[in-house]
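Here the structure is laid out as structure tokens; the discussion comes afterwards.
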2 protein chains.
Amino acid sequence: MGMIRCTKCGQVHAIAKSGMVRGKQRYYCKDCHIYFTLPDPGNTGVAGTKRPRPGHIATILDIAKALNISKSTVSRALQGHTDIKKETREAVVKMAGKLDYQPNLLAKSLVKSKSNTIGIIVPEFVNYFFPAVIMGAQEIASEAGYNVIICQSQESVKTEIANTKVLLASRVEGVIISMTRETSDFDHFKAFGRHGVPIVFFNRICEKIPASRVMVNDYEGAYNAVEHLIANGYRRIAHISGPPNLRLSQNRINGYLDALKAHKLPSHRSWIIHHDLTAANASDSAKKLLSLRSRPDAIFCVNDPAAIQTLLYAKSIGIKVPDQLGIVGFSDDPISSIIEPQLTTVKQPVSEMGQIAMRILLDQIKLGPGPHKPVHTKLLTNLIVRQSSVRDHP
Amino acid sequence: MGMIRCTKCGQVHAIAKSGMVRGKQRYYCKDCHIYFTLPDPGNTGVAGTKRPRPGHIATILDIAKALNISKSTVSRALQGHTDIKKETREAVVKMAGKLDYQPNLLAKSLVKSKSNTIGIIVPEFVNYFFPAVIMGAQEIASEAGYNVIICQSQESVKTEIANTKVLLASRVEGVIISMTRETSDFDHFKAFGRHGVPIVFFNRICEKIPASRVMVNDYEGAYNAVEHLIANGYRRIAHISGPPNLRLSQNRINGYLDALKAHKLPSHRSWIIHHDLTAANASDSAKKLLSLRSRPDAIFCVNDPAAIQTLLYAKSIGIKVPDQLGIVGFSDDPISSIIEPQLTTVKQPVSEMGQIAMRILLDQIKLGPGPHKPVHTKLLTNLIVRQSSVRDHP
DNA sequence: GTATCTACCGGGAACGATTGCGGTATCGTT
DNA sequence: AACGATACCGCAATCGTTCCCGGTAGATAC
């Protein structure tokens with residue numbers, strides 16, 4: 001029970017009501033029988049001035065009022081409608097410039113139910129690969145007038161799920177995804193399908209969902225890499241693989257195994273080590289392989305970061321590469337041509353991957369809602385032979 | 001003149017009118033004296049069903065109707081308002097889950113005039129530096145419930161201007177910028193200020209604008225690097241610098257020059273070469289320096305990519321590093337600890353840079369509109385001494 | 001001179017949320 | 001019984017666009 005000035009009468013005592021409306025205390029005036037809240041103290045309301053807020057961005061209504069025409073006309077003039085007289089249009093455009101008008105995409109998206117936005121979810125973007133893919137994708141998207149929201153799942157399913165929620169709430173028209181290494185439940189991806197948002201997977205695809213995919217010929221790439229090692233006289237070839245639930249890991253293992261089989265070379269289970277794609281773990285895997293009693297004389301790695309860690313470890317313990325150990329990576333990371341010895345690697349078209357994924361996605365968006373036949377694209381790799389796998393005297 | 005069914009009467013002939021309204025032909029019915037357009041053929045309108053579109057995302061209205069309550073109540077229930085009965089709230093939440101409700105951020109942003117979005121503009125993100133900064137920034141932003149739109153200017157002022165337009169149109173609440181190397185006109189940045197959108201510059205700052213800045217102690221970093229070279233017996237120290245209009249280039253040059261001066265060492269104009277931060281250009285600069293008659297015996301580079309190119313070039317023409325040539329870079333790019341010899345470099349706190357920039361920005365946003373005192377933050381670097389600059393016998 | 005067209009423009013309903021204002025039913029006091 | 005207070009909820013305006021209707025003035029046709 002405090003004395004507070006009522007909005008209708010003079011000061012009368014009023015008491016707290018209606019449990020705090022949006023953070024503001026609500027009062028009731030006994031005499032006037034009305035409810036009221038106190039105005040914000042910040043707003044020293046100068047009556048009469050309509051919208052004097054400093055950071056106000058001009059709207060079409062501002063332009064319309066300045067020109068004494070309707071906002072419909074302004075809207076049509078601004079989007080180049082034929083129905084508008086030339087002078088009117090010019091006046092509108094001029095006034096828009098004068099008022100520093102910037103269209104409110106939020107409002108536009110809302111009314112058109114079209115956000116002009118694409119979502120991209122990647123596990124991380126510190127290692128060369130994903131930024132390069134994103135660059136390719138973004139290039140195509142902005143050519144088509146689309147914006148891109150980039151999300152990092154940070155290899156965590158939990159944030160991956162959070163990412164899908166954000167993208168859904170932002171009403172993206174399509175999504176490009178490379179999964180987390182630990183994603184095994186796919187309900188959050190299906191949400192996109194339920195809401196008619198097309199998906200394109202790349203690199204780390206999900207086979208449980210009938211969506212388009214962009215990958216490289218992992219099997220052939222691995223096969224060729226291993227065959228190249230064999231041709232260079234290596235016989236005890238091990239493999240540092242990726243997380244087993246990723247299709248790309250499986251494909252590259254199969255290529256590796258089949259190449260060995262085709263050349264009647266042995267394959268041991270202990271020669272295949274899965275690692276989680278972190279640098280520290282790759283180095284551990286290399287350590288494990290190189291301290292085996294039956295030490296391999298070559299290692300084919302699922303990607304370049306792993307190959308680089310392997311190479312560094314081998315050097316650190318005095319194993320000569322390529323003489324005592326052959327190494328082949330996968331991706332053609334810029335580091336691989338700088339490290340010594342230079343790394344032989346299976347080059348994959350990284351930027352193109354993003355471009356193609358985006359092109360497929362935009363096509364699906366153009367086709368409109370409804371389930372479409374998924375497009376499965378397999379890009380070609382090629383082996384870049386450098387020093388880490390070539391011996392003069394096998 | 002064709003026979004087309006009128007919307008009001010039976011079929012009467014009608015003729016093209018009103019110059020194609022929004023891509024659709026408009027007709028006029030002579031008998032009814034009305035104008036009309038043909039409905040979209042795609043919509044085989046099943047009357048009665050309100051919104052049967054397949055990809056429809058449930059709205060609060062859908063929830064309200066399903067529960068026979070008003071949408072206001074749904075809205076309040078969903079945001080945990082106190083004014084809602086417990087059973088009602090639970091019913092709403094349950095129905096929201098059942099209908100797979102996802103709030104429409106566009107609508108929310110529109111009505112609240114708050115997009116919950118931050119814009120980031122960087123020149124590129126293939127080289128280690130910018131992705132790492134962005135990661136740091138994004139981390140802080142998502143902790144605070146903000147989304148991030150990332151734009152690449154691709155070192156082009158033109159796309160940088162386009163980026164600002166997009167961010168403005170997306171009603172971002174703040175922007176973090178690292179300029180293009182060629183940006184010399186700043187009107188497009190001022191637009192943010194005019195609209196009350198706070199800016200934080202990092203790395204490549206703009207001094208013509210009273211905005212907050214995050215940088216490292218470029219001068220001291222450079223000074224220490226050069227002093228380190230001097231301590232290792234190098235006397236003819238050159239510098240590959242960045243674009244001259246960037247403050248960081250100037251600061252690092254000054255640190256370089258002052259260190260030379262302090263040790264009474266000569267500095268030649270021909271020993272300072274500006275390069276445009278591309279790899280090819282860095283390599284050219286190294287070539288130019290190393291073919292000078294008075295060849296320098298050490299080079300301090302404005303960043304690691306340049307230092308790496310220099311190192312590679314020196315090796316390619318048989319110059320021994322560090323014996324015949326000392327090299328120091330700037331940034332501590334991951335490559336610098338892998339290349340041989342390992343690169344001495346001035347380490348800057350990259351991820352922290354993004355974090356701090358974002359924190360400053362969020363603070364300014366919290367303070368609300370109106371000009372605030374810009375915050376100028378200078379982070380500390382420290383010299384990582386590796387092999388490329390250390391000689392046993394100076 | 002009238003009927004018919006054309007060129008242009010305005011009114012107003014969406015889009016999907018938030019929120020100020022106010023109403024009803026219920027309960028507790030005196 | 002009457003009144004004050006509380007708990008809960010609905011109405012309707014609002015954000016900035018787009019776009020469907022439709023209307024009017026002038027040109028053209030007959």
Side-chain angles (χ1 to χ4, degrees), chain A residues 1 7 14-19 21-24 26 28-30 33-37 39 51 57-64 67-79 81-89 101-115 169 171, chain B residues 7 14-19 21-24 26-30 33-37 39-40 51 57-64 68-79 81-89 101-115 169 171:
Chain A
M1 279 200 271
T7 46
I15 305 176
K17 300 278 128 49
S18 221
V21 186
R22 195 63 186 166
K24 288 170 70 177
R26 187 180 176 195
Y28 178 77
C29 178
K30 279 199 217 169
H33 292 272
I34 62 156
Y35 296 85
F36 66 93
T37 55
R51 0 160 118 268
I57 304 187
T59 70
I60 51 169
L61 191 60
D62 295 323
I63 300 176
L67 258 38
N68 245 326
I69 55 179
S70 80
K71 61 191 174 114
S72 323
T73 305
V74 175
S75 173
R76 276 187 288 247
L78 250 23
Q79 46 187 311
H81 230 268
T82 58
D83 251 18
I84 302 295
K85 204 187 347 185
K86 198 176 159 211
E87 299 94 65
T88 311
R89 171 166 41 247
Y101 169 77
Q102 295 290 344
N104 189 324
L105 289 187
L106 299 168
K108 177 174 174 173
S109 299
L110 181 60
V111 61
K112 300 196 76 161
S113 296
K114 192 166 185 319
S115 63
R171 296 297 189 267
Chain B
T7 47
I15 305 175
K17 301 277 128 49
S18 226
V21 187
R22 195 63 186 166
K24 288 170 70 177
R26 186 180 175 197
Y27 301 94
Y28 178 78
C29 177
K30 280 199 217 169
H33 293 272
I34 63 156
Y35 295 84
F36 65 93
T37 54
D40 271 334
R51 1 161 117 266
I57 304 187
T59 70
I60 52 169
L61 191 60
D62 294 325
I63 300 177
N68 245 326
I69 54 178
S70 81
K71 60 188 176 127
S72 328
T73 305
V74 176
S75 172
R76 277 187 282 249
L78 251 22
Q79 47 187 311
H81 231 268
T82 57
D83 253 15
I84 302 297
K85 203 185 347 184
K86 198 177 158 211
E87 300 94 65
T88 310
R89 172 167 41 246
Y101 169 78
Q102 296 290 344
N104 190 325
L105 289 187
L106 299 169
K108 177 174 175 175
S109 299
L110 182 60
V111 61
K112 300 196 76 162
S113 297
K114 191 167 186 319
S115 63
R171 296 297 188 269

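Below, each value reflects all heavy atoms present in this structure, side chains not excepted, and no hydrogens, waters or symmetry copies.
Between B/T88 and B/T73 the shortest side-chain heavy-atom distance falls below 4.5 Å. B/K71 places none of its side-chain heavy atoms less than 4.5 Å from the side chain of B/S75. Inter-residue side-chain proximity for A/Q102 and B/R171 is flagged as met; some heavy-atom pair is nearer than 4.5 Å.
Comparing C/dA17, D/dG16, D/dG10 by their closest approach to the side chain of B/K108 singles out C/dA17. For B/K112, the listed nucleotide lying nearest its side chain is C/dT18; candidates were D/dC11, C/dT18, C/dA17. Residue B/Q79 places its side chain closer to C/dT19 than to any other of D/dC15, D/dT17, C/dT19. With C/dC9, D/dC9, C/dG16 as the candidates, the nucleotide lying closest to the side chain of A/D83 is C/dC9. Across C/dA17, C/dC8, D/dC9, the shortest atom-to-atom separation from the side chain of B/I84 is found for D/dC9. Of the listed nucleotides (C/dG16, D/dC9, C/dT19), D/dC9 has the atom at the smallest distance from the side chain of B/T73. Closest to the side chain of B/R76, from the set D/dT18, D/dC11, C/dA17, is D/dC11.
Across all strands, B/I60 comes closer than 4.0 Å to base atoms (heavy-atom distances). Contact annotation for A/L105: no contact, since no heavy-atom pair falls under 4.0 Å across all strands. Residue contacts for A/L106: at a heavy-atom cut-off of 4.0 Å it reaches no nucleic acid atom on any strand shown. Across all strands, A/E87 comes closer than 4.0 Å to no nucleic acid atom at all (heavy-atom distances).
Atoms CZ and CZ, on A/R76 and A/R89 in that order, are 12.0 Å from each other to the nearest 0.5 Å. B/I57 CD1 to B/D62 CG: the interatomic distance, rounded to the nearest 0.5 Å, is 11.0 Å. A distance of 9.0 Å separates CG of B/N104 from OG1 of B/T59, quoted to the nearest 0.5 Å.
Per the geometry, CD1 belonging to A/I57 stands 14 Å off C1' belonging to D/dT17, to the nearest Å. For B/K86 and D/dT6, the NZ to C1' distance is 19 Å, given to the nearest whole Å. Atoms CG (A/L61) and P (C/dG10) sit 12 Å apart, rounded to a whole Å. The CD1 atom of B/I63 sits 17 Å away from the C1' atom of D/dG10 (whole-angstrom rounding). Atom CZ of B/R171 and atom C1' of D/dC15 are 11 Å apart (whole Å). When rounded to the nearest whole Å, the span between NE2 of B/H81 and P of D/dC9 equals 13 Å. Whole-Å rounding puts the B/K114 NZ to C/dA17 C1' distance at 15 Å. Rounded to whole Å, the distance from CG on B/N104 to P on D/dG16 is 16 Å.
Side-chain atoms of A/S75 and base atoms of D/dG16 include no donor and acceptor less than 3.5 Å apart. No hydrogens or angles were tested; on distance alone, a donor-acceptor pair under 3.5 Å links the side chain of B/S72 to the base of D/dC11.
Both B/K85 and B/A107 lie close to DNA chain D; mapped to their nearest nucleotides by heavy-atom distance, the more 5′-ward contact belongs to B/K85. Sequence order on DNA chain D of the closest nucleotides to B/V111 and B/T88 puts B/T88 first from the 5' end. Each of A/V74 and B/A58 has a nearest nucleotide on DNA chain C; the 5'-most of these lies closest to A/V74.
Pairing each heavy atom of B/S115 with each of B/S109, the nearest pair is CA-OG, 3.5 Å. In this structure, A/A64 and A/S70 approach most closely via the heavy-atom pair CB-C, 3.7 Å.
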Requested in this report: Run the numbers on A/L67 and A/V74 for side-chain contact (heavy atoms from CB on, under 4.5 Å), then give the verdict.
Outcome: CA-CA 9 Å; A/L67 258 38; A/V74 175; 5.7 Å; no
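An OP1 or OP2 oxygen of C/dG16 is reached within less than 4.0 angstrom by no side-chain nitrogen or oxygen of B/T59.
Note that the two end axes of the helix from C/dG1-D/dC30 to C/dT30-D/dA1 enclose an angle of 60°, each drawn from 5 base pairs, rounded to 10 degrees.
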